[in-house]
J.: 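This is the structure, below, for whatever I ask next.
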Amino acid sequence: MTKKGRSLLWFRKGLRLHDNPALLEAAKDVEHLFPVFCIDPHFYEKQPIGVNRINFLFESLADLHESLSARGSRLLVLRGDPKQILPQVWKDWGVTKLCYEQDTEPYALERDNEIGELAKKAKVEVKTFLSHTLYDPVEVKKAHGGKTPETYKAFQSAVAKMPPPPSPVRDAPEKLPTIAPKAKGAEEKATGVPTLAEVGYTDKPTTSFHGGETKALARLTKSLEDKEWVVQFEKPKTSPAALEPSTTVLSPYMKFGCISARLFYAKLVQIEKEKKKHTSPPTSLVGQLLWRDFFYTVGYHTPNFHHMLGNPLCKQIQWDVDPVLYKAWDEGRTGYPWIDAIMVQLQQQGWMHHLARHSVACFLTRGDLYVSWTLGRDTFDRLLIDGDHFVNNGNWMWLSASAFFSQFFRVYSPITFGKKYDKQGKFIKHFLPVLKDMPDKYIYEPWTAPEEVQKKAKCIIGKDYPKPVVEHATKHKDNLNRMKSAYDANKSPQKRKEISDGFDEMARAEVLDMEADDDEDEEK
DNA sequence: TGTGCGTTGATTCG
DNA sequence: CGAATCAACGCACA
């Protein structure tokens with residue numbers, strides 16, 4: 001049988017050659033294969049992506065290109081809106097089949113729907129595959145009696161009724177079909193992975209984590225080396241103050257699909273079987289993978305999951321609109337070293353420990369500043385190399401006690417929480433060198449240090465390092481009362497609606513616009 | 001309608 | 001260092 005046809009493999013997430021069913025389908029029985037990634041302006045129109053995050057993506061693309069090249073292919077990187085670009089290239093290149101991995105994020109659903117329609121008109125066959133999550137969110141809902149599981153437990157009971165997650169499919173073949181040699185515009189349009197400078201970045205990336213399937217697989221192997229550690233893993237017992245991460249840091253690779261969740265899962269289950277005794281969800285490593293699938297599932301089925309307004313799961317809360325407090329948090333100058341050090345770690349590394357994220361998220365919202373979780377979500381989305389739509393939004397609602405979690409009286413202290421893990425404040429001193437000579441005794445509350453101690457440490461509070469922007473002891477108590485009132489109000493649909501109607505989204509937008517205004521001021 | 005539980009709080013007491 | 005207490009939420013299930 002002679003091979004005919006030309007397929008286009010569209011990479012979005014799933015930046016890998018292992019466990020990639022769309023790739024296997026695209027490479028099957030065709031004469032030529034066009035592996036494509038689109039740099040879609042949609043993802044940086046709302047806010048500029050942090051340099052670490054965009055670099056992680058570019059590194060992942062470069063790695064993908066290398067791996068494809070080793071198999072006689074290459075990665076074609078296109079610039080622009082895929083809804084415009086793809087129809088053009090499949091016409092130019094004579095593409096007969098379009099293959100990609102399903103993406104359930106709201107923007108992706110809309111985009112892919114539209115592209116599906118365009119493909120139909122152009123008589124391009126479309127084949128899609130579910131391989132980003134362990135379970136299909138649609139199937140999970142079915143298994144739960146047609147209702148969306150809104151708690152982890154409900155999710156667990158739903159998936160317990162389902163077949164286990166599919167095993168990873170076989171790796172990409174050693175030889176892939178080539179790109180058609182004279183495909184019109186293939187070389188001009190697809191100019192390889194862009195440099196940071198080309199897309200307007202002048203700053204260098206600062207993170208020590210690097211993207212790509214190769215790095216991902218190496219990290220997976222290393223993470224699973226110590227099987228005893230694997231089977232004893234309990235997330236809450238790992239330290240948020242460790243300078244060498246106390247967890248796997250596989251999340252950025254999971255976000256971009258440099259690693260397959262199903263591969264990770266299969267390996268964990270194998271080790272658990274081997275060792276017999278092991279920890280269990282929700283705290284175990286398998287439990288962590290299930291959290292990811294839980295948020296993907298509930299997020300997919302909840303309208304306006306990434307908003308407070310119009311989100312049926314989300315408590316309607318009249319958060320303060322305070323650009324000054326928000327910016328102090330965002331830029332790591334709240335005057336609470338534990339909070340600021342974590343925010344600096346976010347800027348530098350694009351990654352923080354899960355409990356560190358809890359600390360700063362609680363602080364921004366119900367704990368101290370009483371600023372909307374959606375602003376914190378945006379900061380994380382901009383700077384985290386593992387920022388993942390459903391997981392990020394879900395966790396922000398959790399920490400702000402807007403959904404999933406309702407014991408709002410459990411507040412993280414910006415002073416004592418970190419102390420439990422790091423009495424000497426090594427973490428703080430690493431990320432806030434201005435405090436490096438502050439005695440351990442004052443490291444979590446430097447404003448309490450006597451003047452001569454501050455002088456000796458060459459760190460005057462209010463000059464070299466900020467005074468606290470709010471007083472935690474009093475503010476968190478005020479907030480507790482406000483949360484109690486908000487919860488009471490949410491019991492009444494009428495009052496809930498009143499809060500929604502009165503919540504000024506424009507005011508929230510102004511907070512974001514402030515940064516643009518600042519830039520203008522600097523130029524003047 | 002009551003009860004127990006919920007991935008990861010803080011403080012105090014023994 | 002573990003347990004009780006603080007003040008007290010919503011949800012699932014009996």
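Predicted model only: the values in this text are computed from it and were never measured. Below, chains carry the letters A, B, ... as their sequence lines are ordered, and counting in each starts from 1.
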J.: Determine whether more than 12 heavy atoms belonging to other residues, nucleotides or ligands lie under 6.0 Å from atom NZ of A:K429.
T.: yes
J.: State whether the number of non-hydrogen atoms from other residues, nucleotides or ligands found under 6.0 Å of A:E110 atom CD is greater than 12.
T.: no
J.: Rounded to the nearest angstrom, tell me the gap between atom CG in A:N395 and atom C1' in B:dT8.
T.: 12 Å
J.: Take A:Q407 and A:A154, find for each the nucleotide of DNA chain C with the closest heavy atom, and name the residue whose nucleotide sits nearer the 5' end.
T.: A:Q407
J.: Taking the minimum atom-to-atom distance to the side chain of A:W398, which one of B:dA10, B:dT7, C:dC9 wins?
T.: B:dT7
J.: Please determine whether a side-chain nitrogen or oxygen atom of A:T416 lies at a distance below 4.0 Å from atom OP1 or OP2 of B:dA10.
T.: yes
J.: Choose from C:dC9, B:dT8, B:dA10 the nucleotide whose nearest atom is closest to any side-chain atom of A:L355.
T.: B:dT8
J.: Between A:N481 and A:T151, which residue's closest nucleotide on DNA chain C lies nearer the 5′ terminus?
T.: A:N481
J.: Return the nearest nucleotide to the side chain of A:P236; candidates are B:dT8, B:dA10, C:dG10.
T.: B:dT8
J.: Select one nucleotide: of B:dA10, B:dG6, B:dT7, the one nearest the side-chain heavy atoms of A:S406.
T.: B:dG6
J.: What does B:dT7 pair with, Watson-Crick or G-U, if both distances are under 3.5 Å?
T.: none
J.: Starting the side chain at C-beta, find the nucleotide from C:dG10, B:dA10, B:dT7 nearest to A:W291.
T.: B:dT7
J.: Using the P atom as the point on both nucleotides, what is the distance between C:dA3 and B:dC5, in whole Å?
T.: 15 Å
J.: Answer yes or no for A:R382 and A:F380: cation-pi contact, defined as NZ/CZ to six-membered ring centre under 6.0 Å and angle to ring axis within 45°.
T.: no
J.: Tell me if the centroids of the rings in A:F256 and A:F56 come within less than 6.0 Å of each other.
T.: yes
J.: So, A:D63 side chain and A:E59 main chain: donor-acceptor pair closer than 3.5 Å or not?
T.: no
J.: Need the pair for C:dC13. Rule: Watson-Crick or G-U wobble, both distances under 3.5 Å, any strand; none if unpaired.
T.: B:dG2
J.: For A:K419, answer base if it contacts any base atom (sugar-phosphate contacts may also be present), sugar-phosphate if it contacts only those atoms, and nothing otherwise; contact means non-hydrogen atoms under 4.0 Å.
T.: nothing
J.: Output the rounded distance in Å from NZ (A:K420) to C1' (B:dT8).
T.: 8 Å
J.: Would you mind telling me which of B:dT7, B:dT11, B:dG6 lies closest to the side-chain atoms of A:P282?
T.: B:dT7
J.: Considering only the P atoms, how many Å lie between C:dA7 and B:dG6, rounded to the nearest integer?
T.: 24 Å
J.: Looking at the side chain of A:S413, which of C:dC9, C:dG10, B:dA10 is the nearest nucleotide?
T.: B:dA10
